[in-house]
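In the text below, chain A, chain B and the rest are named by the order of the sequence lines, each starting its count at 1.
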Protein chains: 2
Amino acid sequence: MKRVSATELAALLQGAIIRLNRRMRHTRPLGELTLSQLSALTSLELGGALSPRELAETERVRPPTMTRIIAKLENRGLVRRTPHPTDGRQIILTTTEAGRAAVREATQAKQAWLAERLNELNEEEQETLQRAATILEKIASS
Amino acid sequence: MKRVSATELAALLQGAIIRLNRRMRHTRPLGELTLSQLSALTSLELGGALSPRELAETERVRPPTMTRIIAKLENRGLVRRTPHPTDGRQIILTTTEAGRAAVREATQAKQAWLAERLNELNEEEQETLQRAATILEKIASS
DNA sequence: TTGGTAATGAGCTAAGCTAACTACCGTGAC
DNA sequence: GTCACGGTAGTTAGCTTAGCTCATTACCAA
């Protein structure tokens, strides 16, 4: 494999990510839930109880964006909002039982599109992607 | 590094890609050009002369979406539309000199956000991401 | 003529930002 | 203890970006 420069790699990676993100948008792992909603729900389940601000930071969106996502999830009974015990400005978000079930279902869905694509890869490729996911997440955090 | 299953890897990768894509949206490598516009312009420059349909396929969007992107690029003088020599239904898209310069600038911009992040990685990490980009692009094509 | 293809316009949803506003908190001065 | 001030949290409103489907028009090939 021929090594490329950082700027060339940036172009390759950027293109791949944009297109794969587009591709993922078409899949609806859980009925009506969109990719963004499911992503937020998953982060909330993993993070336990979070404030909207914390969840927005985790997901790399601004708070008003997260407010909208949360409203949708709450409407669907997947998220619960409770007042903060000591800070009147805050609320605490937790997943409901239905929300946890949804995350479980999406996480373990054998028929999930991306999981299927990954299953078609060999072990080395999967390993490469696992390493890459960690690095990409680090970049997204910066 | 502990190996995970394909479904777990799907969750990791999906999250990383969603968040990194969001992060990239914030960067405007070339003034007013959006990520989608720049991506299309880059693909067109790499592909030479393409029809709107071909460019849409390359970018993983539907033709009407690409029509809109092209209109924006043409307005900015970055893309040229010419009638197809033998097929009256088609047009041929090519980059103008200004478009080529824009792609060159974006590709080589040392200060580009993603390139800078990649420059902060070690060689092994860059190599991992280069391999991963190829795999991700393959998945996006499926 | 018929069936198919290409491009576009219209209408809609998803996704995200910023600005502005309201409510609340913590701290320092009095 | 009270109050003013600066800061924080969450939300609403308005806007742009991103993308799809459906319908339409024009053109092609058999």
Query - Value in whole Å for how far the C1' atom of D/dA9 lies from CZ of A/R68 - result: 17 Å
Query raised in the report: What is the distance from NZ of B/K72 to C1' of D/dG19, rounded to the nearest Å?
Result: 12 Å
Query raised in the report: Does B/R89 place a side-chain N or O at less than 4.0 Å from the phosphate oxygens OP1/OP2 of D/dT24?
Result: no
Query raised in the report: Can a side chain N or O of B/R22 be found less than 4.0 Å away from OP1 or OP2 on C/dG16?
Result: yes
Query raised in the report: Whole Å only: how far is the CG atom of A/L50 from the C1' atom of D/dA9?
Result: 15 Å
Query - Sidechain-backbone polar pair: A/S39 side chain, A/L35 backbone, donor-acceptor under 3.5 Å - result: no
Query raised in the report: Does A/T65 place a side-chain N or O at less than 4.0 Å from the phosphate oxygens OP1/OP2 of C/dG16?
Result: no
Query raised in the report: Base, sugar-phosphate, or nothing: which does B/T86 touch, judged by heavy atoms less than 4.0 Å apart?
Result: sugar-phosphate
Report task. Could you state the atom-to-atom distance from CG of A/N21 to P of D/dC20 in whole Å? Result -> 12 Å
Report task. Could you check if a side-chain atom of B/L41 sits within less than 4.5 angstrom of a side-chain atom of B/L33, using non-hydrogen atoms only? Result -> yes
Report task. Just compare D/dC27, D/dA13, C/dA7 and give me whichever is closest to any side-chain atom of B/D87. Result -> D/dC27
Query raised in the report: To the nearest Å, how far apart are A/L55 CG and D/dT11 P?
Result: 12 Å
Report task. Would you mind classifying the nucleic acid contact of A/I91 as base, sugar-phosphate or nothing, using non-hydrogen atoms under 4.0 angstrom? Result -> sugar-phosphate
Requested in this report: For the pair A/Q14 (side chain) and A/A11 (backbone), establish whether a donor and an acceptor sit closer than 3.5 Å, ignoring hydrogens and angles.
Outcome: no
Query raised in the report: Under 4.0 angstrom, heavy atoms only, what part of the nucleic acid is A/S36 near: base, sugar-phosphate, or nothing?
Result: sugar-phosphate
Requested in this report: Mind calculating the distance between NE2 (B/H84) and P (C/dA7) to the nearest angstrom?
Outcome: 9 Å
Report task. Looking at every strand, decide which applies to A/R23 at a 4.0 Å heavy-atom threshold: base, sugar-phosphate, or nothing. Result -> nothing
Report task. Answer whether the closest heavy-atom distance between the side chains of A/R60 and A/S141 falls below 4.5 Å. Result -> yes
Query - Side-chain N,O (B/R53) to OP1/OP2 (C/dA6) below 4.0 Å - result: yes
Report task. Please answer whether the main-chain N or O of A/R19 pairs with a side-chain N or O of B/E59 as donor and acceptor at a distance below 3.5 Å. Result -> no
Requested in this report: Select base, sugar-phosphate, or nothing to describe what A/P52 touches, counting heavy atoms under 4.0 Å on all strands.
Outcome: sugar-phosphate
Report summary line: 5'-most contact on DNA chain D (nearest-nucleotide basis), B/Q37 vs A/I92, goes to A/I92
Query raised in the report: Hey, does the side chain of B/R23 reach the backbone of A/S142 with a donor-acceptor pair shorter than 3.5 angstrom?
Result: yes
Query raised in the report: Between D/dT17 and B/T34, is there an OP1 or OP2 to side-chain N/O distance shorter than 4.0 Å?
Result: no
Query - Separation of C/dA6 P from B/I70 CD1 (nearest whole Å) - result: 14 Å
Query raised in the report: Can you check the B/L93 CG to C/dA7 C1' distance for me, whole Å?
Result: 11 Å
Query raised in the report: Which of these nucleotides, C/dA23, C/dG9, C/dA7, is closest to any side-chain atom of B/P64?
Result: C/dG9
Query raised in the report: Under 4.0 Å: is that the gap between some side-chain N or O of A/R62 and OP1 or OP2 of C/dT18?
Result: yes
